[in-house]
Every structure is written in structure tokens, then in C-alpha cells.
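Throughout, a chain's letter reflects where its sequence line sits, starting with A, and its residues are numbered from 1. These numbers were taken from a predicted model, which means no experiment stands behind them.
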2 protein chains.
Amino acid sequence: MPASQSLDSFDRAILAILQKDNTTPQRVIGEAVNLSAPAVQRRIKRMEETGIIRANVVLVDPAKVGHPITLFVEVEVESERAELIDAAKRSFVAVPEVQQCYYVTGDADFILVVTVATMADYEALTRRLFFENNNVKRFRTFVAMDRVKVGLEVPLG
Amino acid sequence: MPASQSLDSFDRAILAILQKDNTTPQRVIGEAVNLSAPAVQRRIKRMEETGIIRANVVLVDPAKVGHPITLFVEVEVESERAELIDAAKRSFVAVPEVQQCYYVTGDADFILVVTVATMADYEALTRRLFFENNNVKRFRTFVAMDRVKVGLEVPLG
DNA sequence: ATCTGATTGCAAGTTTGTTTCGTCTGGATG
DNA sequence: CATCCAGACGAAACAAACTTGCAATCAGAT
């Protein structure tokens, strides 16, 4: 009973479908998981309310809208004082070209995924984000030659 | 005319909305961009056919479905012979826990984004993917402490 | 000036999503 | 052991959204 529990096997089956294609009609989902359309609809609504489903979005091919370059950047900071880390987070989040930003353990402090139109744009971005930030000690860039697999799908097993 | 060109400013405005919420009714989109609902619908359809829109999906909160750990892995291979690289790509793509996989230039050859339930699961994964693959020379793991910004949104400006 | 091809808005038709309502199940309580 | 209650279900009615056909419009080329 998915009332108190957050996920049962119906929910997982529904999520698996929606992670592939959220335009799938509820009736079709219902047939796939052996539930009526209203039941499917109620479960989706609850998962949205509880934050299991964070968003409904389209995935855009970056190359086809003028952003053919994807980059990874490892950023190392000078000081890990909380307020400086927070400031760094805010500055990264604010930049649309930064698709993803993670605060990590290891040899680096941040890992960024960046999408740009040209390397000149990236050069300008590094100036703004890294060279003008005194707390950035070092950064290392990887250029993606092949986006072998790109998605945010979470396995549900 | 968006016939031969792939993107005009209407398309970009529509995409910007859909990248945030693809459940937005076409009528509402139409009001926002000053177009009728059918016009919006035809443009969306064309962008889907031409591959500008790659997919319609829900984004799931990994922590809430039992995958609280996100990892980055830099993988360096022994040989960059094409067939070995392709084999590596296939092996990474086949694993559901590998959300993203990029073939990159720089000190590493691949960068993976991995989502798992426990570190034990990750340990098992490294065994399968890296230790049992003779072509993997070295790999380096970063553990995400904070998913500061996660998305696949492409800036449209 | 005219023609062509593409795009638009409107309106009708169709599909999909949503709400309502009565029923059923499982678990806790007396 | 019977009763009660909360939560979830399906069927049907309802509302909203999507889709299509058609005539009108606009831009560029002849």
C-alpha cells in the first residue's frame, strides 16, 4: 500500500515508463502495469507531490541548437570554508552553460558539465568563473568527443 | 521561416518552456509566445521529427528511489584502438547504473556518471567494469557530496 | 504583378486527462 | 469474532487538451 511507503512495484513500473517517455497515455501505462487509468493518474500525482518525480521535461539535442561542445571541468579550490564553498556553488549554478555541478570528494572539489557553442565561449567562461575567482586554485578541462550515453535515468530494480 | 532553417525565435521560446515543463498546455505556450495552440503543436512535432527534441521524460530524484550515491569516474584505457574503444563504450552503455558516459580528450579517456544504492554496489560494479576489463589501465572515483545542479537543459540565447 | 510554398488561425473532431462515486480490501479496535 | 475505518480500486461521466482540415495570409522568386 503506497500510502506510507513511498514506492511499490506499481510505482516503479510506472516510473520506468515515464523515464523513457512521459507522453505515454495513462491508459496505455495502465494496460502495461495492470491498473486502471485513474489509478495510474493518482500514483503519478502522488509521486509528483512527494518529489519522487522532480520534473517533466523535454531533452534537447545540444548540437542541433547551437551547442555542439560539451566539457567536463574539475575545479579545485583554495579554501573549503563553508561560506566560500557556498559562494562557489552559487556562481556555478547561476550560469546557464553549466548544465550540472557536483560538489565532490577526491582530488577535485567540484565537477562541472558545461555546454557551449564555441571554444571561445568556453574561454570567456573560464575567465569569468575561474580566473576572476580567487578561491579557484586550479581547474582541469576534458573535452567530450563522443556523448556516448547521456541521460538522468535512474535504474529501478 | 522554420522550413529549411531548423530554429527560429518562436521555436527557441517554445523549447525554453518545454525544457522546464513539458506538461505546459499548448494553449498556454501559445499565449506566452504569441502563437495559436495548433501552431505551437506543429512546431513541437517538427522539432521531434528533426531530432531537436530527443525525448520527453520525467526526472526522478535518485535518493528517493534508493540510489542516494552519485559518483564520477575517470577511466583511462591501455589501448585506444578503435575496436577496443567501441567495446568499452558498449560495456558502459549496457549498465543501467551508468547514467552518463562521455569519451573525452585529456588525462582520461572516459568520464562516467554512476548512480548506485550503496558503496558495496559500486565496488561490485568496478569489479565488473574495470578490473575484469584488461583494457582499463586506471580509474579514479569522485564521490558526489552535493548534487548542486543537475539537469540537461541547454541554454537558448 | 503573380505565382509558389510554407505557415497561420479557426473550428470541428478525437483523444487524453480528471473527477465522481460506489465498492472492496486489509488492519486495528472493541 | 464482528466492526470500523482508511486507503485504493474501477467504471462512467466530465472537462481539458491535442489533432486535423481548410481557407486566408505572408514572403520570396519568377
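Residue A:Arg42 has its side chain nearest to D:dC9 when only D:dA17, D:dC9, C:dG17 are considered. Among C:dT7, D:dG10, D:dA8, the nucleotide with an atom closest to any side-chain atom of A:Arg43 is D:dA8. Taking every side-chain heavy atom of A:Ser36 into account, D:dG10 is the closest of C:dG9, D:dG10, D:dC9. In this structure, of C:dG9, D:dG10, D:dT20, it is D:dG10 that holds the atom nearest to the side chain of A:Ala39.
With 3.5 Å as the limit, one finds a donor-acceptor pair spanning the side chains of A:Asn22 and A:Asn56.
Separating the CZ atom of A:Phe10 from the C1' atom of C:dT25 is a distance of 14 Å, rounded to the nearest angstrom. Atom P of nucleotide C:dG17 and atom CD of A:Glu31 are separated by 12 Å, given to the nearest angstrom. Taking atom CD1 of residue B:Ile29 and atom P of nucleotide D:dA17, one finds them 11 Å apart after rounding to whole Å. As rounded to whole Å, 9 Å separates atom P of C:dT8 from atom CD1 of B:Ile14. For the pair B:Asn34 CG and C:dT8 P, the interatomic distance rounds to 13 Å; values are reported in whole Å. Between A:Asp8 atom CG and C:dG26 atom P there is a gap of 15 Å when expressed in whole angstrom units. For the pair B:Gln26 CD and C:dC10 P, the interatomic distance rounds to 15 Å; values are reported in whole Å. Computed from coordinates, the B:Lys45 NZ to C:dT15 P distance equals 15 Å when rounded to whole Å.
Of the candidates B:Phe92, B:Tyr122, B:Phe131, B:Phe131 is the only one forming a ring pair (Phe, Tyr, Trp, His ring centres under 6.0 Å) with B:Phe139.
Nearest heavy atoms, B:Ile85 versus B:Ser79: CD1-O, 4.2 Å. Shortest non-hydrogen contact noted between A:Arg138 and A:Asp107 is NH2-O, 3.9 Å.
Nearer to the 5' terminus of DNA chain C, by closest-nucleotide assignment, is the contact made by A:Arg27 (compared with the other of A:Pro38 and A:Arg27).
The closest side-chain heavy-atom distance from A:Glu78 to A:Leu84 is not below 4.5 Å.
A sub-4.0 Å separation between OP1 or OP2 of D:dG7 and a side-chain N or O of A:Arg46 is absent. Side-chain nitrogen and oxygen atoms of A:Gln41 include at least one within less than 4.0 Å of the OP1 or OP2 phosphate oxygen of C:dT18.
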